[in-house]
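We number each residue from 1, following the sequence as shown.
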Amino acid sequence: MFRTRLLSGILLVIIALATILSGGVVLAVTLCAISVIAFSELTKACGVHTEGKKYNAPELSGIVMTVLYYVLLFATLSQSGQEGGGRMQVYPVIVIIVAVCLILLLFVYVFTFPRYKAPQIMASMFSWLYAPVMLSFIYLSREGFTQGSYLVWFVFLCSWGSDTCAYAVGVLIGKHKMTPRLSPKKSIEGAVGGVLGAALLFVLYTHFAINKYTDASIPLLLAAVLGAAGALVSMVGDLAASAVKRDHDIKDYGKLIPGHGGIMDRFDSVIIAAPLIYIGLAVIASLGGGIG
């Protein structure tokens with residue numbers, strides 16, 4: 001089991017490196033595919049899925065809107081890059097596509113009534129916001145800043161990096177349970193270690209990579225704060241995904257990744273960390289951090 005999990009983890013890192021370094025359409029298509037799978041996993045977990053059907057109407061609506069969403073994001077950021085329009089053009093696109101997705105789901109609800117219940121429609125919208133929209137901030141962090149190829153790694157440092165630090169500290173000195181009913185193995189000491197570890201990783205990465213090899217100049221204190229905040233949020237993301245599974249009495253969201261489960265099992269913390277990192281980078285950019 002450990003060997004399978006390790007090999008799957010190495011493969012995930014290789015795919016992440018290849019797609020994120022490539023950026024552009026390669027990253028957009030990859031994230032779109034991951035988002036569709038994560039959305040499907042969530043809708044099944046939340047009781048939206050209809051047994052015997054590959055996809056029902058709410059699920060199909062979410063998948064169509066996911067593809068449209070990424071197409072519009074790619075087109076908008078590509079056009080902004082050519083004309084120097086910046087990130088501001090992306091925000092209206094996000095708001096509009098979210099509203100359109102809700103309207104489409106309401107159409108499905110009304111014109112198929114009473115086939116689908118209100119909780120299914122609400123769960124579909126929740127799943128769409130939770131997975132495709134939140135995951136898209138990885139793409140926004142990569143393509144929305146001039147130093148995006150460096151900055152996007154903050155998302156993974158504060159999620160996977162803090163998780164590693166939390167695990168190490170928890171094993172060594174963890175005694176006090178943080179959420180015993182939700183995740184009995186997580187300790188308060190481990191959580192503190194994860195937050196401090198992420199802050200340190202952000203400082204080191206900022207100093208030795210971003211500030212040294214790019215035109216950016218991010219204050220190390222801001223980097224530490226962003227890392228700590230990202231670690232806290234990623235922990236909540238991990239626990240939130242676990243809470244959904246416990247609510248619906250399932251062990252894993254899927255079996256796509258051997259030894260890890262589904263996309264939601266592996267990217268639960270990344271999904272929540274990505275928007276916070278993007279917001280933090282946007283704030284740093286507005287303060288003149290040289291990241292564009």
Working to the nearest 0.5 Å, report the span between [atom1] of [X] and [atom2] of [Y].
X	Y	atom1	atom2	result
L12	I263	CG	CD1	7.5 Å
I97	T76	CD1	OG1	9.5 Å
S61	L106	OG	CG	10.5 Å
W128	L102	CH2	CG	9.5 Å
F267	I37	CZ	CD1	9.5 Å

Shortest non-hydrogen separation from [X] to [Y] and the atoms involved:
X	Y	value
Y69	I94	OH-CG1, 3.9 Å
M264	I271	SD-CD1, 3.4 Å
P58	I121	CG-CD1, 4.1 Å
S162	S234	OG-OG, 3.4 Å
D215	Q147	N-NE2, 3.8 Å
Y55	S40	CE2-OG, 3.7 Å

Would a 4.5 Å heavy-atom cut-off, applied to side chains only, mark [X] and [Y] as touching?
X	Y	value
D265	K245	yes
Q120	M122	no
M125	C101	yes
I277	L151	no
L129	M134	no

Any link between [X] and [Y] through a network of hydrophobic side chains (Ile, Leu, Val, Met, Phe, Trp, Tyr) touching at under 4.5 Å?
X	Y	value
L17	I210	yes
V203	Y205	no
Y130	L68	yes
V71	V90	no
L105	V98	yes

Please tabulate, for the side chains in residues 25-36, all donor-acceptor contacts under 3.5 angstrom to protein atoms that are two or more places apart in sequence or on a different chain.
from	atom 1	to	atom 2	distance (Å)
T30	OG1	V26	O	2.8
S35	OG	L31	O	2.7
S35	OG	Y70	OH	2.8

What about the rings of F145 and Y150, do their centers lie closer together than 6.0 Å? no
Could you go through S136 and L73, starting from their C-alpha distance and side-chain angles, then the distance that decides it, and tell me whether this counts as side chain to side chain contact (heavy atoms under 4.5 Å, CB included)? CA-CA 9 Å; S136 71; L73 281 186; 3.8 Å; yes
Inspect the surroundings of CG in D249 and state if more than 12 heavy atoms from other residues, nucleotides or ligands are less than 6.0 Å away. no
Let me have the donor-acceptor pairs involving side chains of residues 165-172, under 3.5 Å, with sequence neighbours excluded, atom names and distances please.
none

Is the backbone of [Y] close enough, under 3.5 Å, to the side chain of [X] for a donor and an acceptor to pair up by distance?
X	Y	result
E41	G262	no
T112	R115	no
R142	I20	yes

If we check side chain to side chain contact (heavy atoms under 4.5 Å, CB included) with T206, which of these qualifies: L222, L226, L201, I218? I218
ring-ring contact (aromatic ring centres under 6.0 Å, His included) contacts touching residues 208-248 (sequence neighbours left out): none
With sequence neighbours left out, write down each residue that passes salt bridge (charged side-chain N to carboxylate O under 4.0 Å, His left out) with K186, or none if nothing qualifies. D238
Please table the atom pairs, donor to acceptor, closer than 3.5 Å between any side-chain atom in residues 175-183 and protein atoms at least two apart or in another chain.
from	atom 1	to	atom 2	distance (Å)
H176	ND1	E189	OE2	2.5
K177	NZ	P184	O	3.0

Apply side chain to side chain contact (heavy atoms under 4.5 Å, CB included) to the pair E59 and K44, showing each step before the final yes or no. CA-CA 9 Å; E59 290 174 306; K44 287 179 181 178; 4.3 Å; yes
Kindly assign one of parallel, tilted or perpendicular to the pair W160 and F156, based on the angle between their ring planes and the thresholds 30° and 60°. tilted
Aromatic plane relationship, F202 with F154 - under 30° parallel, 30 to 60° tilted, over 60° perpendicular: parallel
Set of side-chain contact (heavy atoms from CB on, under 4.5 Å) partners for V233, sequence neighbours left out: I272, L276
Step by step, would you call F39 with I63 a side chain to side chain contact (heavy atoms under 4.5 Å, CB included)? CA-CA 8 Å; F39 172 76; I63 291 171; 4.1 Å; yes
Could you go step by step and tell me if V155 and F137 meet the side chain to side chain contact (heavy atoms under 4.5 Å, CB included) rule? CA-CA 9 Å; V155 175; F137 282 90; over 6 Å; no
